[in-house]
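Right, one structure below, let's go through it.
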Amino acid sequence: MESANHTKAQFLLLGLSEDPNMQPLLFGVFLSMYLVTVLGNLLIILASISDPHLHTPMYFFLSNLSFTDICFTSTTVPKMLVNIQTQTKAMSYLGCLTQVYFFMIFVGVDNFLLSVMAYDRFVAICHPLHYTVIMNPRLCVYLVLMCWLVNFWVALFHILLMARLTFCVGTEIPHFFCELAQMIKLACSDTFIDHAALYVSTALLGVIPVSGILYSYSQIVSSLMRMPSRKGKSKAFSTCGSHLCVVTLFYGTGLGVYLISAATHASEKNSIASVMYTVVTPMLNPFIYSLRNKDVKGALGRLLGRAISYQ
């Protein structure tokens, strides 16, 4: 096949299904999920900003996680909805490159924020007397900035490597969005460096945050075991419950996608599995934190009460 010029190259996103009868259903389902994701995470952000009870490091990190989840979902779902509505599969080269770049940033920031939130819980439970000193506003801002800057440069490095690749005319992407691993597989030129860089960065950026989470919770469990009061144990661990659920959901769905893609070459199954961590997980996060956390429920109630009283 003939290689295409980068400025004129176009990709075809095959989506989740090519059945015309399924398109209206897919459009309705994903539009609903996207709106719920944006609204739910936006409410968490507004509640964290407006309620003085939530002006703590834990909810500062949570509001950043919610903002990242909105951006994360917005990189993939709107384009898919437009393609379904206009009955087109086309995606320009620059559009695909941009989607890969922002998708990598937001999924990476999500990953790092979960590790930072685990560290916050570790300090709160294992060093409660020094919590306000250790988790001071300056450190919290630095940690969030680190999450963004590391992933900004990593994503830029991969995009610069990907910009060297050539793609064949009419390349079909068996997915509903442009993903780095898929793009590297579909390239017509040599991809050894790209594959090596992808494996190394995935290993480092995966192992470091996961190790941080495992270490934090090993120390938390050790500290809880030494607590004499059962009520104290229950109260301390309840502050970690929501975070543990989100961590399990995020890494569980990500691992599920990896195992499915490794075990089968069926592109449709891979795409459906990817929906779990790209759409479902960001949608469920606000429900997990609002349903399991009395402070968030109270803040949301006061926020909605003020909104109703203004009308």
Side-chain angles (χ1 to χ4, degrees), residues 1-20 22-24 26-27 29-31 33-34 71-108 151-152 154-199 201-202 254 257-258 260-262 264-279:
M1 293 180 71
E2 186 185 352
S3 295
N5 186 296
H6 284 176
T7 57
K8 296 180 181 179
Q10 253 194 353
F11 302 105
L12 298 176
L13 293 170
L14 299 184
L16 294 173
S17 174
E18 296 189 57
D19 184 356
M22 286 289 293
Q23 302 311 307
L26 289 173
F27 182 85
V29 169
F30 278 90
L31 177 61
M33 293 171 73
Y34 179 66
C71 297
F72 181 28
T73 311
S74 297
T75 59
T76 57
V77 177
K79 176 60 179 175
M80 182 180 66
L81 294 175
V82 169
N83 283 2
I84 292 174
Q85 187 65 20
T86 58
Q87 297 183 350
T88 180
K89 299 177 182 179
M91 183 77 157
S92 69
Y93 174 79
L94 289 177
C96 205
L97 216 64
T98 303
Q99 193 175 62
V100 170
Y101 176 67
F102 284 108
F103 180 82
M104 288 188 66
I105 289 178
F106 296 133
V107 74
N151 287 287
F152 169 83
V154 170
L156 183 61
F157 173 70
H158 281 292
I159 289 300
L160 291 175
L161 286 179
M162 185 176 158
R164 300 164 45 255
L165 302 178
T166 55
F167 296 90
C168 299
V169 175
T171 299
E172 293 184 343
I173 302 173
H175 220 311
F176 63 96
F177 68 97
C178 295
E179 191 179 34
L180 181 63
Q182 285 282 353
M183 298 303 298
I184 294 174
K185 283 181 185 178
L186 297 170
C188 296
S189 52
D190 181 42
T191 59
F192 175 77
I193 296 175
D194 298 80
H195 273 114
L198 180 61
Y199 292 143
S201 64
T202 302
V257 170
Y258 173 77
I260 289 173
S261 61
T264 179
H265 296 289
S267 58
E268 189 174 338
K269 288 184 179 180
N270 295 343
S271 298
I272 293 170
S274 297
V275 171
M276 289 301 296
Y277 80 94
T278 56
V279 184

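In this chain, numbering begins with 1 at the start of the sequence shown.
Partners of Thr75 by side-chain hydrogen bond (donor to acceptor under 3.5 Å, both in side chains), not counting sequence neighbours: none found. For the ring-ring contact (aromatic ring centres under 6.0 Å, His included) test, no residue two or more places apart in sequence or in another chain qualifies with Tyr101. The salt bridge (charged side-chain N to carboxylate O under 4.0 Å, His left out) search around Lys79 returns none, not counting sequence neighbours.
Side-chain contact between Val275 and Phe176: present, with at least one pair of heavy atoms (C-beta onward) separated by less than 4.5 Å. Using a 4.5 Å cut-off on side-chain heavy atoms (C-beta onward), Cys178 and Leu97 make no contact. Residues Cys96 and Ile173 meet the side-chain proximity criterion, which asks for heavy atoms closer than 4.5 Å. Side-chain contact between Leu180 and Met104 is present, with at least one heavy-atom pair separated by less than 4.5 Å. Between Gln23 and Phe27, every side-chain heavy-atom pair lies at or beyond the 4.5 Å cut-off. Counting heavy atoms from C-beta on, the side chains of Arg164 and Ile193 come closer than 4.5 Å.
Counted within 6.0 Å of CZ on Phe102, heavy atoms from surrounding residues, nucleotides or ligands total 12 or fewer; the atom is thus considered open.
In this structure a side-chain-to-backbone donor-acceptor pair under 3.5 Å is missing from Thr191 to Asp194. Thr166 places no side-chain N or O within 3.5 Å of a backbone atom of Cys188 that could act as its donor or acceptor partner.
By the 30° and 60° cut-offs, the orientation of the rings of Phe72 relative to Phe103 is tilted.
Taking NE2 from His175 and CE from Met80, the interatomic distance works out to 11.0 Å, rounded to the nearest 0.5 Å.
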